[in-house]
Amino acid sequence: MADGFAEIFCKKISSLLINKNILNIALSGGETPIELFKVLSSDYNDKIKWNNINFFWADERCVPADSDESNYGNADIYLFSKIRINPANIHKINGEDNPLNESARYSKEVKDNISVRNGLPSFDVILLGIGEDGHTASIFPNQMGLMQSEKVYDVAFHPVSSQRRITITGRVINNSADVSFLVSGGNKAEIVGKILNNKSSNKNLPAAVIAPSKGTINWYMDSDAAGQLKK
């Protein structure tokens with residue numbers, strides 16, 4: 001799946017850069033993006049115009065950048081440290097800082113760098129994952145208010161560990177031009193089937209209510225994750 005999406009991603013970037021000089025892309029964390037980063041850094045190092053891309057994050061755990069839980073840290077290890085990219089193009093969330101202050105600071109950084117549509121920043125591409133509980137970014141089912149938050153980024157917390165996180169809000173996700181879900185593994189099959197087989201009846205699951213108002217949404221998954229989809 002990582003190999004397949006890397007090829008799609010490369011073509012997507014090349015196509016978008018025909019009409020734009022700079023693209024704004026938000027990354028997510030987790031095991032699936034790490035596999036994608038490995039493929040991109042090894043097979044697409046010289047095939048993508050990295051300096052024509054500004055990289056942001058959909059969410060970040062409130063941990064230092066050198067923590068193995070840091071979404072930025074993993075992207076740096078497996079992608080940015082291996083490609084030729086201007087450090088100014090990498091817009092990290094400072095997970096070690098006060099969450100409320102950092103969510104406000106990062107919201108301003110995004111608004112200062114990304115064009116506005118419908119009164120909100122509009123990313124060219126957002127890469128998202130999905131949790132077994134149906135969460136996406138760091139919007140969890142017990143925090144559905146983040147889907148309608150007036151903020152660009154807000155503070156969330158993991159419902160089990162209570163770990164604080166900084167997350168993009170639902171209105172900004174749904175204002176993006178291209179949303180791509182990347183899902184792998186049989187442990188995601190049940191929630192993927194629940195959402196995609198009966199999407200209209202799952203309004204309590206964050207991933208089920210992602211629907212870009214003026215953009216596209218695509219799901220990319222391996223056969224295990226797609227195991228419960230209806231034919």
Side-chain angles (χ1 to χ4, degrees), residues 1-2 5-6 9 24-41 53-83 85 89-97 99 102-103 105-107 109-110 123-143 146-147 152-170 172-173 176 178-185 187-188 191-192 205-207 210 217-222 225:
M1 195 275 286
F5 183 74
F9 182 77
N24 296 300
I25 296 178
L27 303 174
S28 60
E31 293 299 320
T32 303
I34 287 176
E35 294 306 312
L36 173 64
F37 298 155
K38 291 177 181 177
V39 176
L40 289 174
S41 64
I53 304 172
N54 281 324
F55 285 100
F56 298 84
W57 271 263
D59 66 323
E60 181 61 274
R61 296 173 176 88
C62 291
V63 297
D66 59 359
S67 167
D68 59 6
E69 292 188 351
S70 169
N71 292 340
Y72 160 77
N74 285 321
D76 186 52
I77 290 170
Y78 295 105
L79 180 61
F80 297 129
S81 64
K82 301 180 184 300
I83 61 175
I85 185 169
N89 289 37
I90 302 170
H91 300 263
K92 68 185 287 286
I93 298 174
N94 297 319
E96 65 273 20
D97 291 347
E102 179 58 12
S103 64
R105 185 203 69 80
Y106 200 68
S107 294
E109 182 167 344
V110 167
F123 284 96
D124 295 296
V125 178
I126 291 185
L127 305 185
L128 294 176
I130 180 173
E132 293 176 53
D133 60 355
H135 83 266
T136 192
S138 281
I139 304 175
F140 294 91
N142 67 332
Q143 297 156 64
L146 291 169
M147 291 301 304
V152 177
Y153 282 75
D154 210 336
V155 179
F157 62 91
H158 191 282
V160 177
S161 69
S162 297
Q163 180 189 59
R164 291 181 296 177
R165 301 184 179 191
I166 295 168
T167 185
I168 193 171
T169 58
V172 180
I173 296 175
S176 301
D178 183 304
V179 176
S180 295
F181 276 95
L182 308 182
V183 193
S184 62
N187 62 318
K188 303 294 178 66
I191 193 65
V192 167
L205 300 176
I210 301 302
I217 182 170
N218 290 285
W219 289 70
Y220 302 93
M221 62 194 85
D222 61 14

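Sequence positions, counted from 1, serve as the residue numbers for this chain. This structure is a prediction, so every number in the text was calculated from the model and none was measured.
Val179 places none of its side-chain heavy atoms less than 4.5 Å from the side chain of Asn218. Here the side chains of Ile166 and Trp57 are not in contact, with every heavy-atom distance at 4.5 Å or above. Proximity of Leu182 to Leu128: side-chain heavy atoms (C-beta onward) are nowhere separated by under 4.5 Å. Between Phe56 and Tyr106, the closest side-chain pair of non-hydrogen atoms falls below 4.5 Å. For the pair Tyr153/Val110, a side-chain contact is recorded, criterion being any heavy-atom separation below 4.5 Å from C-beta on. No side-chain heavy atom of Asp178 sits less than 4.5 Å from a side-chain heavy atom of Ile126.
Aromatic ring centres of Phe140 and His158: separated by under 6.0 Å.
Minimum heavy-atom separation, Asn74 to Phe37: O-CD1, 4.4 Å. The two residues Thr167 and Ala137 have their closest heavy-atom pair at OG1-CB, 3.4 Å. Pairing each heavy atom of His135 with each of Pro141, the nearest pair is CB-CD, 4.1 Å.
Using modelled atom types, one finds a donor on one side chain and an acceptor on the other under 3.5 Å when comparing Ser138 with Asp59.
The local environment of NZ in Lys82 is sparse, with at most 12 non-hydrogen atoms from other residues, nucleotides or ligands closer than 6.0 Å. Within a 6.0 Å radius of CZ in Arg105, more than 12 heavy atoms belonging to other residues, nucleotides or ligands are found.
When atom types are taken as modelled, the side chain of Gln143 and the backbone of Ala156 share no donor-acceptor pair closer than 3.5 angstrom.
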Verdict with supporting geometry, Thr169 and Met147, side chain to side chain contact (heavy atoms under 4.5 Å, CB included): CA-CA 6 Å; Thr169 58; Met147 291 301 304; over 6 Å; no
For Phe181 and Ile217, run side chain to side chain contact (heavy atoms under 4.5 Å, CB included): C-alpha distance rounded to whole Å, both residues' side-chain angles, the deciding distance at 0.1 Å, then the answer. CA-CA 8 Å; Phe181 276 95; Ile217 182 170; 3.7 Å; yes
For Ile130 and Ile191, run side chain to side chain contact (heavy atoms under 4.5 Å, CB included): C-alpha distance rounded to whole Å, both residues' side-chain angles, the deciding distance at 0.1 Å, then the answer. CA-CA 9 Å; Ile130 180 173; Ile191 193 65; 4.1 Å; yes
For the pair Asn89 and Phe55, evaluate side chain to side chain contact (heavy atoms under 4.5 Å, CB included) and give the outcome as yes or no after the intermediate values. CA-CA 6 Å; Asn89 289 37; Phe55 285 100; 5.5 Å; no
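Note that CG of Asp97 and OG of Ser103 are 11.0 Å apart. Values are rounded to the nearest 0.5 Å. In this structure, Phe5 CZ and Ser180 OG are separated by 4.5 Å, a value rounded to the nearest 0.5 Å. Note that the CG atom of Asn94 and the CD atom of Glu60 stand 9.0 Å from one another [nearest 0.5 Å]. Here CD1 of Ile83 is found 8.0 Å from CG of Leu40. Values are rounded to the nearest 0.5 Å. Taking CG of Asp66 as the start and CD1 of Ile77 as the end, the distance is 9.0 Å to the nearest 0.5 Å. With values rounded to the nearest 0.5 angstrom, Lys92 atom NZ is found 7.0 Å from Ser70 atom OG.
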Residues 24-34, side-chain donor-acceptor partners within the protein, below 3.5 Å, at least two apart:
unit_1: Asn24; atom_1: OD1; unit_2: Asn54; atom_2: ND2; d: 3.3
unit_1: Ser28; atom_1: OG; unit_2: Leu127; atom_2: O; d: 3.1
unit_1: Thr32; atom_1: OG1; unit_2: Ser184; atom_2: OG; d: 2.7

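Annotation: side-chain contact (heavy atoms from CB on, under 4.5 Å) contacts of Arg61 (sequence neighbours excluded): Val63, Glu69, Asn71, Gln163, Arg165.
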